[in-house]
Student: 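Sending over a structure as structure tokens; questions will come in a sec.
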Amino acid sequence: ALARYHRLTGGETRLQTGTDENALKNVLAARAEGITPEELVARNADAFRALAEALNVRADRFIRTTEEKHRAGVHWFWRRLRADDLYRQSYKGLYCSGCEDFYLEKELRDGRCPIHGREAVAVEEENWFFRLSAYQRQIEDLLESGRVRVLPEARRNEVLSFVRSGLRDFSVTRNARRAYGWGIRVPDDPDQVIYVWLDALTNYLTGLGYGGAEEDARFWSGGTLKVHVLGKDVWKFHAVYWPAFLLSAGLPLPNTILVHGFLTVNGQKIGKSLGNAVDPATYIGKYGADGLRYYLLRAIPPFDDGDFSTDALHRLYHADLANGIGNLASRVCALGEKTGYGRFEIAETPAAPAGYHEALAEYRGDLALKSLWNGVDSLNQAIERARPWERAGEPGALRPELTQWLGELHGIGYWLQPFLPATAERLLGLLSADAIRRCPPLFPRVG
């Protein structure tokens with residue numbers, strides 16, 4: 001939605017997504033299933049790619065971190081890190097394979113990972129370390145000044161609190177034997193594999209061709225707006241580790257880090273391991289991709305946890321889509337056909353509703369949609385008051401009102417494009433036809 005908005009407003013925009021595949025937990029999951037890690041990650045990558053397509057998400061690049069281009073780019077990035085930022089030493093710590101991260105005893109809850117609830121395992125080995133402590137002042141200054149902006153404010157304060165507590169050097173490799181040989185080997189040190197978070201974060205660069213012959217640096221320069229969208233359990237890696245890596249490598253920093261909450265069921269994070277997984281295909285099949293998109297973008301707050309509710313989805317679909325914009329489009333187009341309105345002339349780009357751009361400047365897609373639906377409700381009410389069906393038989397009687405209503409409907413459809421692309425395309429197609437004709441329901445009612 002954000003990428004589509006920036007394209008709609010004239011920005012040259014690139015959207016990247018993909019799958020982080022070099023984690024030890026993928027090896028453990030594959031072993032439990034009796035398949036190879038390669039088979040497991042390929043299957044899951046295909047599933048995520050299919051889900052993106054089913055939800056009408058059009059990424060410019062879907063990157064898999066097992067690609068050879070990514071591997072070469074990670075080696076390039078490793079060699080760019082300042083030599084004195086890397087050193088090798090023995091280490092012992094408490095490790096969560098779910099997070100792929102070490103914890104201090106005080107950070108655990110009854111000896112368990114605070115995110116995954118798994119018991120942390122004591123690990124002792126010799127690794128390469130990154131001198132994160134050297135970037136304490138710089139990271140703190142970047143966050144305080146807003147040069148690296150973390151949203152929402154509460155999350156920014158959480159990150160700052162973590163940084164101010166003191167940054168510690170941390171291991172950026174793992175013993176290749178403990179990793180079962182899975183992962184990207186450290187250049188010139190094949191007994192070590194690169195820490196999955198250093199490897200995975202580099203995808204933002206390798207997806208642009210960094211480290212290869214097809215490098216496109218336009219989107220990762222000092223003059224571009226670089227936005228990361230991520231879950232609340234990985235802010236440390238994006239807002240602390242990643243800027244430090246980039247400073248060490250002498251590369252531009254991200255501008256904005258959007259940290260969203262979890263989708264939950266009954267207040268609990270959705271996950272297969274928890275037995276409360278929700279299959280998106282079920283809801284796409286019933287309510288359409290745009291129906292599910294609308295619910296996730298409008299009803300789930302962007303920065304907080306949000307409970308997924310079938311009942312709430314069903315109610316919102318009918319209230320806002322079937323009875324809201326769907327009914328509005330049907331009645332306006334039916335009036336256009338009945339009165340012989342003919343062709344509606346679209347003169348220029350319509351003005352966005354009040355608050356729309358302001359909401360998206362703060363990455364509040366829910367509030368931008370609210371501003372659009374204020375227009376939907378207002379237009380439906382205006383038509384109710386005008387009672388046009390009572391004058392539909394009078395030649396030309398409704399043309400001034402219809403011209404205004406069609407213009408307002410066109411404005412809604414135009415600015416709806418980032419959020420409900422298929423619906424907006426249908427609606428704008430109806431309004432640009434040779435003559436206004438009644439249309440099938442945009443959102444059929446669902447039992």
Side-chain angles (χ1 to χ4, degrees), residues 4-5 7-10 56 286-291 293-294 297-298 315-357 368-447:
R4 283 185 162 112
Y5 169 70
R7 291 191 187 106
L8 190 63
T9 51
N56 204 353
K286 189 169 185 178
Y287 299 99
D290 275 7
R293 287 173 66 100
Y294 182 76
L297 291 166
R298 175 74 191 274
R315 287 195 302 271
L316 194 69
Y317 174 89
H318 287 93
D320 286 13
L321 300 179
N323 297 332
I325 193 169
N327 182 55
L328 175 63
S330 293
R331 72 198 313 188
V332 171
C333 289
L335 282 168
E337 179 176 321
K338 189 170 184 179
T339 59
Y341 183 91
R343 183 179 180 83
F344 171 65
E345 296 297 332
I346 301 171
E348 56 187 22
T349 300
Y356 180 91
H357 292 306
L369 280 168
K370 182 180 179 181
S371 73
L372 282 172
W373 254 257
N374 287 340
V376 171
D377 294 341
S378 176
L379 187 48
N380 265 323
Q381 292 164 12
I383 293 172
E384 287 291 335
R385 288 194 300 270
R387 303 179 67 82
W389 50 86
E390 295 179 354
R391 293 178 288 140
E394 303 172 23
L398 289 175
R399 190 168 189 84
E401 290 101 321
L402 269 172
T403 298
Q404 179 179 338
W405 296 338
L406 288 164
E408 291 181 31
L409 186 59
H410 172 255
I412 293 167
Y414 185 88
W415 294 109
L416 190 60
Q417 291 179 90
F419 302 100
L420 308 187
T423 301
E425 183 178 17
R426 283 186 64 195
L427 187 53
L428 295 176
L430 290 168
L431 299 179
S432 62
D434 289 337
I436 300 298
R437 294 279 185 265
R438 67 181 70 239
C439 61
L442 294 177
F443 293 95
R445 286 172 175 76
V446 176

Student: Hey, is the main chain of R445 close enough, under 3.5 Å, to the side chain of H318 for a donor-acceptor pair?
Tutor: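 Looks like no, no N/O pair under 3.5 Å.
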
Student: Ring-plane angle category for H357 and Y5, please: parallel below 30°, perpendicular beyond 60°, tilted otherwise.
Tutor: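 Ring orientation of H357 relative to Y5: tilted.
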
Student: Identify, with sequence neighbours excluded, every residue that meets salt bridge (Lys or Arg N to Asp or Glu O under 4.0 Å) alongside E408.
Tutor: none

Student: Side-chain contact test, heavy atoms from C-beta onward, threshold under 4.5 Å: evaluate it for N327 versus P441 and give yes or no.
Tutor: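 No, every pair of side-chain atoms sits at 4.5 Å or beyond.
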
Student: Provide the closest heavy-atom pair for L398 versus P388 in the form atom of the first, atom of the second, distance.
Tutor: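 Nearest pair, atom of L398 first, then P388: CD1-O, 3.5 Å.
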
Student: Under the salt bridge (Lys or Arg N to Asp or Glu O under 4.0 Å) test, which residues partner R343, sequence neighbours left out?
Tutor: E345, D434

Student: Report the distance from atom OG1 of T349 to atom NE2 of H410, rounding to the nearest 0.5 Å.
Tutor: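 Separation between the atoms: 8.0 Å.
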
Student: If you look at every heavy atom in N380 and G324, which pair is closest and at what distance?
Tutor: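 Heavy-atom minimum between the residues: ND2-O, 3.4 Å.
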
Student: Under the salt bridge (Lys or Arg N to Asp or Glu O under 4.0 Å) test, which residues partner R331, sequence neighbours left out?
Tutor: E384

Student: Is the backbone N or O of Y341 less than 3.5 Å from a side-chain atom of R399, with the two atoms forming a donor-acceptor pair by type?
Tutor: yes

Student: Measure the spacing between OG1 of T423 and CG of L428 and express it to the nearest 0.5 Å.
Tutor: 10.5 Å

Student: On a heavy-atom basis, which atom in P353 and which in L372 lie closest, and how many Å separate them?
Tutor: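 That would be CG-CD2, 3.8 Å.
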
Student: Calculate, to the nearest 0.5 Å, the distance between atoms CD1 and OH belonging to I412 and Y414 respectively.
Tutor: 15.0 Å

Student: Tell me, do L406 and V332 make a side-chain contact under 4.5 Å, heavy atoms counted?
Tutor: yes

Student: Kindly give the heavy-atom pair with the smallest separation between R4 and N56, and that separation in Å.
Tutor: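 That closest heavy-atom pairing would be NH1-O, 2.9 Å.
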
Student: With rounding to the nearest 0.5 angstrom, report the CD1 to CG distance, I325 to L416.
Tutor: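 Rounded to the nearest 0.5 Å, the CD1-CG separation comes out at 5.0 Å.
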
Student: Can any side-chain N or O of T339 pair as donor or acceptor with the backbone N or O of L335 at less than 3.5 Å?
Tutor: yes

Student: Less than 6.0 Å separating the ring centroids of Y294 and W373?
Tutor: yes

Student: Check for a donor-acceptor pair, side chain of W415 on one end and backbone N or O of P350 on the other, with a separation under 3.5 Å.
Tutor: yes

Student: To the nearest 0.5 Å, what is the distance between CG on L316 and OH on Y287?
Tutor: 10.5 Å

Student: Specify the closest pair of heavy atoms between C333 and R437, including all atoms of both residues, with the distance to one decimal.
Tutor: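 C333 and R437 have their closest heavy atoms at CB-O, 3.2 Å.
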
Student: Donor-acceptor pair, distance only, cut-off 3.5 Å: does the side chain of E337 make one with the backbone of R438?
Tutor: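 Yes; at least one donor-acceptor contact below 3.5 Å.
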
Student: Determine whether I436 and L430 satisfy the following criterion, side-chain contact (heavy atoms from CB on, under 4.5 Å), listing intermediate values before the conclusion.
Tutor: CA-CA 7 Å; I436 300 298; L430 290 168; over 6 Å; no

Student: Would you name the heavy atoms of Y356 and A368 that are closest together and state the gap between them?
Tutor: CD1-O, 3.7 Å

Student: Please round to the nearest 0.5 Å and tell me the distance separating atom CG of L420 and atom CG of L369.
Tutor: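 That separation rounds to 6.5 Å.
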
Student: Do side-chain atoms of R293 reach the backbone of F419 as a donor and acceptor pair under 3.5 angstrom?
Tutor: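 Pair found, side chain donor or acceptor close to backbone of F419.
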
